[in-house]
Each structure stands twice: as C-alpha cells, then as structure tokens.
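The next block holds one structure in the form of structure tokens; read it before the comments.
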Amino acid sequence: MATVDWADELAASVEGPQVVNDSKTPSGTVHVGSLRGPVILDVITRALRARGLETTLLYGVDDLDPMDAQALLSPDAIEREMGRPLAHVPDPHGDCHASYARHFAGIFIDTFDGLGIRPDRYYWMSDIYPTGQMDPFIKTALDKAPIVREAYRRVANVRHPDHWLPVGVICPSCGKVGTTIASDWDGATVYVECKPDLVVWAHGCGWSGRVAPFGGAAKLPWNLEWAAQWSLFGVTIEPNGKDLATAGGSRDRSEAISREVFEREPPLNFAYEFLNIGGKKMSTSKGRGAAAHTIGSVVPPEQLRFLFVRNRPETVIEFDPEGTDAIPRLFDEFDRIAAATAGREVRGELPSGHENIFRFSLLDAKADAQAAAGAFRPPFGHLALLAQIPGVDAAAKAGAEKGSPLTAAEAAELETRLAAVRRWLEAYAPDKARLEIHRDAIPAEAAALDGNQRAFLAALAAAAPAGSADKPANGDAWQAAIFAVAADHGLDARAAFNALYLAFIGRTSGPRAGWLLAGLDHDFVLQRLRTAGATAA
RNA sequence: GGGCCCGUAGCUCAGCGGUAGAGCAGGGGACUUUUAAUCCUCUGGUCCUGGGUUCGAAUCCCAGCGGGCCCA
C-alpha cells in the first residue's frame with residue numbers, strides 16, 4: 001500500500017472522461033489548511049491523466065453568495081453591503097479589483113497557481129447566471145419545490161413553510177440577496193419580499209413585487225446551486241472537506257437534490273481532513289490565521305504540496321511548527337524521498353509510493369521527476385547554520401558541497417531555502433537552533449573548560465597572530481589550524497571543538513568551527529581565545 | 001442529541017488478515033578535516049480498552065473510552 005495509492009485507486013476505479021470540480025465562496029482570505037483540498041484535487045487530476053483518462057479540472061467561484069462577514073468591511077459599509085452578492089460588493093482594498101469577490105478570489109487563484117494547481121477553467125457564478133445557463137435548473141427547482149422541501153425535511157430535518165421556494169432573488173431595489181424570500185411561483189415569476197428581519201446579519205429594504213428569477217436576477221440556494229453545478233458541468237468527481245460530510249449536512253442535501261430534483265447521480269465523493277496546527281484546526285476567526293499566513297511564507301510550494309500529499313486524505317495532519325523542528329524535518333523528509341526517487345541509497349524504509357509522492361509534490365505536472373529528484377538540495381538544517389554565521393557565502397558553500405557549480409534551478413532552490421530559513425529563524429525556530437555569539441563577555445559555561453583545553457585555546461591564539469600575513473584567511477585555514485594545534489596539545493578533536501564552542505557560544509557543539517571563526521572579527525576572536533585560555537581553572 | 005474521521009515507539013506517521021515498521025528525538029561508538037555534518041550501533045510499543053469472527057487480528061465486526069471536525 002503506497003501512501004498515495006488513494007489517488008491511483010480512485011483513478012483505477014473510474015472509466016471514461018472525468019470532470020473534477022471544486023468551488024469556493026470568496027468571502028475572505030484562504031489559510032494554509034484550506035489548500036489541502038485543491039492539492040488533493042490536483043493530485044487526483046494528475047493520477048487520472050497518468051492513467052490516460054481525459055480529465056478536466058474545474059474550479060468554481062461562488063460569488064453570488066451573500067456577503068456575511070462584516071469583519072472585513074468598514075463600519076459605514078456594513079449596513080449597505082451585508083447581504084449583497086459578493087460579486088456586487090466593492091473591493092474593500094481600494095479599486096484594484098472589480099469587486100470584493102474578485103479581490104479575494106484573486107488571492108486564492110494566485111495561491112493555487114503558486115502551488116502548481118492550474119484548473120482548466122475557473123468559472124464565476126456571477127458570469128454563469130446572466131448567460132441563462134442556470135435558468136433551466138432554477139425553473140426545475142421551482143417546479144419541483146415540494147420535492148425540494150420534502151428533501152430538506154427528510155435529509156436535514158429542516159422544515160420550510162409550504163409557500164417557501166428554493167430561489168434567492170436579488171432585490172431589485174437594494175440589491176441584497178440574503179434578505180429576500182420568494183413565494184407564489186406562477187411559471188414565469190415569483191413574488192418577492194425583501195425583509196428587514198429575515199436574517200440578523202443583514203437588513204432588507206422592505207421592497208416587494210413580482211420578479212422573473214432568470215438571467216441573473218436570482219440565484220439558487222447553496223445546496224441547489226451545488227447540485228446544479230454537477231449537472232451543468234457534468235461533474236464526475238468532487239471530494240469535499242470533512243466539515244461538509246456530516247449527516248444531513250451540505251453534501252447530503254445536495255446529493256438528495258441532485259437525485260430527486262435534477263435527476264442525476266451525484267459525483268464520486270470522499271471527504272478529506274484538515275491540517276491542524278498544534279492540535280487545533282486553523283481558523284482565521286479563532287486567531288490562528290496569523291500562524292497560517294506565516295507558514296505559507298516559510299514552507300515553499302513544493303514542501304507544502306509534499307506535506308499534503310504524503311498523508312492520506314482522511315487523516316488529520318498535525319503540524320506544529322512553533323518552537324519545533326517540524327519544518328526542518330519536512331524538508332529533510334522531502335530530500336530523502338527526492339534522493340530515493342533519483343535512485344540514490346537512502347537511510348531507512350521508504351513509503352512504497354515514494355516516487356509518486358515526489359512527482360505529485362512537484363509544481364510542474366509535466367516535469368521530469370527523475371531529473372528534478374537528482375538536483376542538489378542543501379539540507380535545511382545546514383543552511384540554518386550558514387545563515388547565522390556572518391560572512392558566509394552560502395552559494396559558494398553549497399557549490400563546494402555539491403562538488404560542481406549549481407545549475408540555475410539549484411541556485412534558485414538555494415535562494416528559496418535561504419529565504420525559508422530566515423523566516424523560520426525569525427518566526428518558529430526553537431532557541432537551540434539559534435546561534436548566539438557571546439560578544440560582550442565570555443560565556444559562563446566556559447568555566448567548564450579544563451587545563452588542556454585552555455592551553456589549546458591560548459596556543460591557537462598564538463598560532464594566529466593578528467595582522468600578520470599568516471592569519472587564517474578562511475574557514476579551511478582555521479580548520480587546519482585547529483586540528484594542528486589540537487594535535488600539538490594531545491587534545492582530541494572533540495575536546496578541541498568543545499572548547500571553542502564553549503568560549504564563543506556557550507555550548508558544547510556548534511556549526512563548523514573554522515567557518516564560524518573566519519566569519520567573526522579577527523581581533524575579537526584572538527582576544528576571546530586569549531581570555532578563555534588564560535582564565536584560571 | 002446526531003454524523004464522520006482518527007487513536008501504532010517520546011514526536012510525526014506508514015502498515016490495514018500472516019514473525020510490530022520508518023523518520024526524527026534519545027543512548028553508545030567512529031572520525032587528522034561536512035564536528036548541530038557524515039557513518040556505525042543500541043534503546044524504545046499490552047498497536048486505546050473489552051468482547052467477537054478466524055488456524056491466525058494492529059488490520060475485519062460490535063461495544064466502550066479518548067481526541068478532532070462538523071451538524072443540531
């Protein structure tokens with residue numbers, strides 16, 4: 001059982017052309033956890049295509065849904081805009097977009113794009129309704145209103161009054177959709193009332209009259225709209241988040257309506273879990289949005305895909321980057337899978353689908369996975385050290401480690417990782433990952449130095465006189481000097497390095513000492529070596 | 001009150017009917033040059049609990065308990 005067999009199994013279980021769909025209401029920003037669904041859809045699409053099935057990936061923007069998040073509006077806009085279709089609410093961030101919906105949808109479309117998720121088509125419900133494509137579904141829903149009410153009652157235990165009709169008319173007077181109630185379908189028009197008190201979060205204007213609910217004048221309620229999308233686009237596969245999978249919840253309702261009202265078998269479904277941060281679901285409204293946003297800036301796209309791809313969809317992913325090594329480990333595991341995919345020998349067992357995991361983690365679906373897997377990737381932990389040592393040329397160092405110049409792609413990857421490392425050090429890294437040079441005073445821990453170690457430090461200072469031509473010029477030279485002087489004093493390498501770390505950073509281990517010393521001000525180094533070497537034991 | 005998912009090593013997770021696994025963490029060792037690197041090695045699990053099915057159960061079924069998300 002490979003870890004990503006869920007995608008291959010799904011692909012193997014269907015025949016013929018496939019239409020994969022997802023949709024989202026653009027009511028605010030997306031957080032990292034909500035990207036799991038789109039990644040899963042993308043992976044399914046790739047698996048279907050790998051099997052040779054003609055597959056279309058659709059992504060819908062449900063932008064005629066009513067505005068109901070007043071936190072994102074200015075106070076004077078709340079009364080005016082709450083309840084209007086998102087597509088008709090002005091962009092709160094000035095005039096960079098045509099509407100509130102376009103602004104926030106644009107953000108998540110850009111995010112998807114950055115993750116290599118490229119739906120064949122984005123459709124906007126605010127564009128679809130005016131074309132009349134939804135009209136047959138609206139008419140059917142109205143003609144079968146008793147069946148709709150019965151389905152709601154039976155599936156969701158929601159009892160609508162007998163005059164209730166499954167349509168949301170946009171008020172011709174105030175433009176709100178969340179405040180209207182329709183009744184008396186006569187085959188061409190419905191009677192509409194825009195009520196001040198239908199919902200608590202928005203207030204209607206009180207208008208009433210007859211409206212023909214077609215051509216964009218009205219929208220279907222969410223459950224019916226979802227079912228209508230399945231019919232309109234011929235959707236065959238649509239997983240959804242587990243939040244919709246509850247008995248009598250959205251999915252159940254829409255499936256019942258699809259069967260009973262639109263007379264179509266609903267698409268293949270499975271529910272996927274979320275991404276928890278520190279044991280809690282990510283939520284902008286619960287104050288975890290900031291963490292979510294930061295994670296996106298620390299974990300690059302390939303590793304983010306990897307995070308979602310390597311776990312089965314029905315398992316919760318626990319990800320707790322705060323003060324932990326979760327992020328470095330994510331990179332390390334990615335690199336291990338990459339190395340294995342490239343055919344290199346790797347420690348430990350591998351998930352049997354590791355080549356798929358790697359391939360599905362790549363942004364470019366058509367990339368040569370073998371070539372990509374073979375690329376040089378500097379270990380995250382190593383970069384975290386280099387980034388903290390002054391004066392280190394990480395690119396040169398990486399090239400030296402690789403043994404040949406970096407390719408353009410590898411250089412770009414290095415830059416990506418360096419940026420990630422810096423953000424990680426700022427936002428998440430545990431204290432032990434942070435390197436602090438004790439500049440002002442010798443660390444208290446240096447009291448643990450024994451006589452041999454002190455003698456070694458003093459001798460090292462003497463061997464590297466300030467200002468002279470033979471001052472160690474670089475990390476290699478320092479490293480050589482350290483080994484030579486240690487040997488003279490009969491000190492093994494471990495004790496010698498321990499002494500240096502204690503004297504400079506107050507720990508018994510640290511980054512490669514030669515480069516550490518080479519990166520520091522030379523006079524300071526000599527002074528510290530003498531001080532540590534001279535302190536009475 | 002109801003639904004769904006998950007409880008496997010300290011942590012994150014594989015395994016999903018045939019002798020309990022990996023990574024990381026932890027212990028020990030090697031290293032005259034990647035010293036927070038690398039390599040070797042070890043430790044560590046009543047597979048949540050209790051029943052049942054089976055020649056055989058972490059795996060299937062039932063019931064609890066615990067956690068999470070959602071719907072009421």
Side-chain angles (χ1 to χ4, degrees), chain A residues 1-6 33 155-159 240-253 269-283 286 307 310-321 324-337 340 345-354 357 378-386 388-389 397-398 400-403 429-430 432-435 475-488 491-501 505 507-516:
Chain A
M1 243 338 202
T3 306
V4 286
D5 273 0
W6 55 268
V155 175
N157 200 28
V158 171
R159 196 176 286 275
N240 56 252
K242 202 190 56 177
D243 52 339
L244 301 180
T246 197
S250 280
R251 186 76 184 207
D252 276 3
R253 299 177 201 189
N269 176 38
F270 65 88
Y272 52 85
E273 266 286 0
F274 295 110
L275 171 71
N276 284 357
I277 299 297
K280 292 289 174 196
K281 183 191 174 186
M282 304 182 85
S283 165
K286 289 174 186 164
L307 175 65
R310 68 172 173 165
N311 291 48
R312 292 161 46 188
E314 69 270 25
T315 60
V316 180
I317 297 175
E318 298 287 349
F319 194 64
D320 188 7
T324 71
D325 60 353
I327 287 174
R329 277 169 47 194
L330 181 65
F331 277 87
D332 289 348
E333 185 63 7
F334 180 93
D335 293 350
R336 194 174 80 99
I337 298 296
E345 203 150 321
V346 140
R347 287 177 68 96
E349 284 188 2
L350 290 163
S352 60
H354 68 270
I357 294 174
F380 188 93
H382 195 185
L383 287 182
L385 297 176
L386 292 180
Q388 295 181 82
I389 303 173
K397 191 73 183 67
E401 278 181 36
K402 182 195 174 193
K432 69 170 187 172
R434 294 202 174 88
L435 183 64
D476 280 323
W478 267 113
Q479 202 77 353
I482 292 165
F483 278 102
V485 174
D488 286 348
L491 209 56
D492 67 26
R494 175 186 295 261
F497 282 103
N498 283 354
L500 286 167
Y501 297 130
I505 59 178
R507 302 179 183 197
T508 55
S509 61
R512 294 191 66 203
W515 282 267
L516 177 64

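Chain letters run A, B, ... following the sequence lines, proteins first, then strands; residues in each count from 1. On a predicted model such as this, the values are computed, not experimentally measured, just so you know.
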Assigned partner base of [N], Watson-Crick or wobble definition, under 3.5 Å:
{"N": "B:G23", "value": "B:C11"}
{"N": "B:C39", "value": "B:G29"}
{"N": "B:U46", "value": "none"}
{"N": "B:G66", "value": "B:C6"}
{"N": "B:C16", "value": "none"}

Using the [atom1] atom as the reference point in each nucleotide, state the distance between [N] and [M] in Å, no decimals.
{"N": "B:G64", "M": "B:G28", "atom1": "C1'", "value": "44 Å"}
{"N": "B:G18", "M": "B:C13", "atom1": "C1'", "value": "23 Å"}
{"N": "B:G44", "M": "B:U8", "atom1": "C1'", "value": "14 Å"}

Length of the line joining [X]:[atom1] and [N]:[atom2], which is rounded to integer Å:
{"X": "A:Ile482", "N": "B:U34", "atom1": "CD1", "atom2": "P", "value": "13 Å"}
{"X": "A:Asn311", "N": "B:G15", "atom1": "CG", "atom2": "C1'", "value": "14 Å"}
{"X": "A:Glu318", "N": "B:C69", "atom1": "CD", "atom2": "C1'", "value": "12 Å"}

* **Residues in side chain to side chain contact (heavy atoms under 4.5 Å, CB included) contact with A:Val316, at least two apart in sequence or another chain** => A:Glu273, A:Asn276, A:Glu318
* Asked: Could you write nucleotides 2-8 of chain B as a row of B, S and -, 5' to 3', where a protein heavy atom under 4.0 Å of any base atom gives B, of only sugar-phosphate atoms gives S, and otherwise -?
  -> BBBSS--
* Structure fact -> Once base and sugar-phosphate atoms are separated, protein heavy atoms under 4.0 Å mark nucleotides 39-44 of chain B, 5' to 3', with B, S and - as -S----
Enumerate the protein-to-nucleotides 19-21 of chain B contacts in which both atoms are nitrogen or oxygen and the separation is below 3.5 Å.
from, atom 1, to, atom 2, distance (Å)
B:G21, O2', A:Glu349, OE1, 3.0
B:G21, O2', A:Glu349, OE2, 3.4

* Taking salt bridge (Lys or Arg N to Asp or Glu O under 4.0 Å) as the test, write out the residues that go with A:Arg434, two or more places apart. =>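 Here the qualifying residues are A:Asp431.
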Check nucleotides 25-33 of chain B against the protein and report each pair of N or O atoms closer than 3.5 Å, with its distance, or say if there are none.
from, atom 1, to, atom 2, distance (Å)
B:C31, N4, A:Arg494, NH2, 3.2

